[in-house]
A.B. asks: 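Once you've had a glance at the structure underneath, I'll fire off some questions.
Just so you know, these numbers use all the heavy atoms, side chains as well, and skip hydrogens, waters and symmetry mates. When a residue number appears, it is its place in the shown sequence, counting from 1. Predicted model, so just to flag it, every value in this text is computed and none were measured.
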Amino acid sequence: MKEKQQNILIIGAGLCGSLLALRLGQRGYHVSVYEMRPDLRKVDISAGRSINLALSDRGIKAMKLVGIEDKVKSLCIPMNGRMIHDKKGHTHLSKYSGREHEYINSISRGALNALLLTEAEKHKNVSVYFNKKCKSVDFEKTTALFQDYKTKDQFIEDADIIIATDGAGSVLRKSYFLGKKFLFSFSQDYLTHGYKELSILSKENGDYKAYKNALHIWPRGTFMLIALPNLDGSFTVTLFLSYDEGEYHFNNLTTEYAVLEFFQKEFPDALALMPNLIDDFFENPTSPLGTVKCSPWHYKGNTLLMGDAAHAIVPFYGQGMNASFEDVVIFDNILDQKLESWEATFAAYEKTRKKDTDAIADLAIDNFYEMKSHTANPMFQEKRKLEMLLEEHFPDDYASKYTLVTFNENLGYREAMLKGRAQDKAILNLLADGNISTKSILSGDEGPDITKEDLKTILKKIKQETEAILEEDKIAGLHEL
């Protein structure tokens with residue numbers, strides 16, 4: 001596998017594809033990227049489907065790998081926690097971590113994608129072609145059939161290997177499924193909810209209408225609204241709502257009156273910031289939310305699925321982009337092993353990676369229910385406040401599930417999930433049984449009855465209970481699933 005003599009074809013120039021092209025270009029491969037959409041640096045192609053992205057430590061690790069961390073951070077707005085809005089307009093900030101240096105970043109999908117493309121094209125051995133739609137892939141011959149959007153001409157491209165980073169609707173994955181040449185497992189599960197993108201525009205002077213450094217969330221039990229800040233003073237707002245269940249759902253919000261009634265009843269403080277609501281609501285599409293899992297990700301040493309093409313997830317842990325970026329980091333680590341063939345490389349990559357992408361897919365579903373309902377639950381709020389105190393006072397000894405997943409870039413998603421779930425169960429059990437108490441913490445009383453020693457005792461109980469739960473799971477065989 002002499003790198004400079006290998007021709008690699010990448011299908012899809014989104015976030016994962018453009019990062020992969022940049023990294024493989026840095027390694028000396030000849031890389032050709034084919035993208036069905038126009039060049040987003042020249043044409044606005046968001047079409048109300050961007051869902052602002054949350055860049056966290058796993059994604060930043062990938063940016064460090066390719067040497068553009070500073071350029072990316074200039075596009076970021078730090079978000080220190082969730083700003084929870086109740087129906088009366090009251091707010092409270094629930095921090096993501098008790099450690100000040102741990103936060104996530106709001107970033108524009110388009111701006112980040114544009115930067116990655118520009119950096120990739122700086123390498124003479126990387127070429128990117130737009131308006132070229134992949135129709136099918138012959139994974140036995142390692143060729144791909146494309147059609148030019150403008151001329152309608154069809155053409156075939158050949159390569160040493162083909163890597164598909166063409167998203168949840170991957171053409172290569174479809175070719176695997178329809179080809180019936182090998183045993184290919186595939187699942188696609190949709191939530192009963194969809195999403196619609198809206199916006200809070202900036203003030204006339206360009207300032208923000210709401211607190212800038214937070215992910216705003218309006219949890220309402222069976223649905224929710226979230227908002228992430230943009231550099232221009234606006235917020236990208238997303239409504240997550242059932243298609244057909246409940247008093248209000250996407251299928252019956254068909255008139256201006258119904259939409260305004262819904263927002264006035266459920267999100268009055270948000271509505272006051274959104275004079276453009278009706279235009280956004282009826283101009284932007286309603287889109288589905290689904291999880292894709294499949295295996296194997298590769299065929300021999302010819303083709304490979306990566307990013308959403310291999311493991312699309314719902315956006316509720318803010319890890320979709322980070323997971324795809326981490327794919328590139330893991331793949332790069334496998335390339336460093338200099339295995340004897342592409343087939344060995346692809347097999348090692350999938351064996352290393354798949355358990356973690358399955359885990360973050362499951363965690364994202366968990367967080368969907370947490371965000372829309374549990375964040376407003378007093379027991380959950382009590383648990384979070386306790387965890388923040390533990391992280392603040394014992395930064396080296398305690399990390400919440402969210403911290404393990406989001407801020408521990410060297411810990412696999414699966415390990416973070418197993419430990420994090422056990423910890424959550426431990427704390428909730430101890431609180432429910434009255435074995436630990438946070439009453440004075442919640443009242444803000446930092447008197448002698450809530451000393452660091454008391455917190456140390458609470459931490460010891462949590463650790464003991466967590467270990468007992470992990471041991472039970474291990475005996476039950478859950479760790480091997």
A.B. asks: With a 3.5 Å cut-off and no angle check, do the side chains of Y190 and Q188 form a donor-acceptor pair?
C.D. replies: yes
A.B. asks: Rounded to the nearest 0.5 Å, how far apart are CG of N429 and CD1 of I462?
C.D. replies: 11.5 Å
A.B. asks: Take atom NZ in K174; do more than 12 heavy atoms of anything else shown fall under 6.0 Å from it?
C.D. replies: no
A.B. asks: Where do Y413 and L363 come nearest, in terms of heavy atoms and distance?
C.D. replies: O-CD1, 4.3 Å
A.B. asks: Among side-chain atoms of E387 and S400, is any donor-acceptor pair under 3.5 angstrom?
C.D. replies: no
A.B. asks: Do you see a donor-acceptor pair shorter than 3.5 Å between the side chains of N230 and T236?
C.D. replies: yes
A.B. asks: Apply the salt bridge (charged side-chain N to carboxylate O under 4.0 Å, His left out) test between R421 and each candidate in D362, D366, D473; give the one that qualifies.
C.D. replies: D366
A.B. asks: Is a donor from one side chain sitting under 3.5 angstrom from an acceptor on the other, for D244 and H249?
C.D. replies: no
A.B. asks: For residues F223 and S242, determine if any side-chain heavy atom of one lies less than 4.5 Å from a side-chain heavy atom of the other.
C.D. replies: no
A.B. asks: Under 30°, 30 to 60°, or over 60°: which ring-plane class applies to Y317 and Y402, parallel, tilted or perpendicular?
C.D. replies: parallel
A.B. asks: Specify whether F262 and Y248 have parallel, tilted or perpendicular ring planes, treating 30° as the upper limit for parallel and 60° as the lower limit for perpendicular.
C.D. replies: tilted
A.B. asks: Compute whether any side-chain donor of one residue and acceptor of the other, for E350 and S295, lie under 3.5 angstrom apart.
C.D. replies: no
A.B. asks: Using a 3.5 Å distance criterion without hydrogens, assess whether the side chain of S170 forms a donor-acceptor pair with backbone atoms of G167.
C.D. replies: no
A.B. asks: I'd like to check the side chain to side chain contact (heavy atoms under 4.5 Å, CB included) partners of E409; sequence neighbours left out, ordered by chain and number.
C.D. replies: D57, R58, K61
A.B. asks: Count the heavy atoms of every other residue, nucleotide or ligand shown that sit under 6.0 Å from CD of E100, and state whether that count exceeds 12.
C.D. replies: no
A.B. asks: Can you name the closest pair of heavy atoms from L470 and L418 and give their distance?
C.D. replies: CD2-O, 3.6 Å
A.B. asks: Below 30° counts as parallel, above 60° as perpendicular, anything between as tilted: where do the rings of Y176 and Y299 land?
C.D. replies: tilted
A.B. asks: Crowded around K87 NZ? As in, over 12 foreign heavy atoms under 6.0 Å?
C.D. replies: yes
A.B. asks: Which atoms form the tightest heavy-atom contact between A347 and H298, and what is the distance?
C.D. replies: CA-NE2, 3.7 Å
A.B. asks: Specify whether F281 and F250 have parallel, tilted or perpendicular ring planes, treating 30° as the upper limit for parallel and 60° as the lower limit for perpendicular.
C.D. replies: tilted
A.B. asks: I would like to know whether F267 and F263 meet ring-ring contact (aromatic ring centres under 6.0 Å, His included); could you show each step before the answer?
C.D. replies: CA-CA 5 Å; F267 314 113; F263 270 74; 5.2 Å; yes
A.B. asks: For G320, does its backbone N or O pair with a side-chain atom of H311 as donor and acceptor, under 3.5 Å?
C.D. replies: no
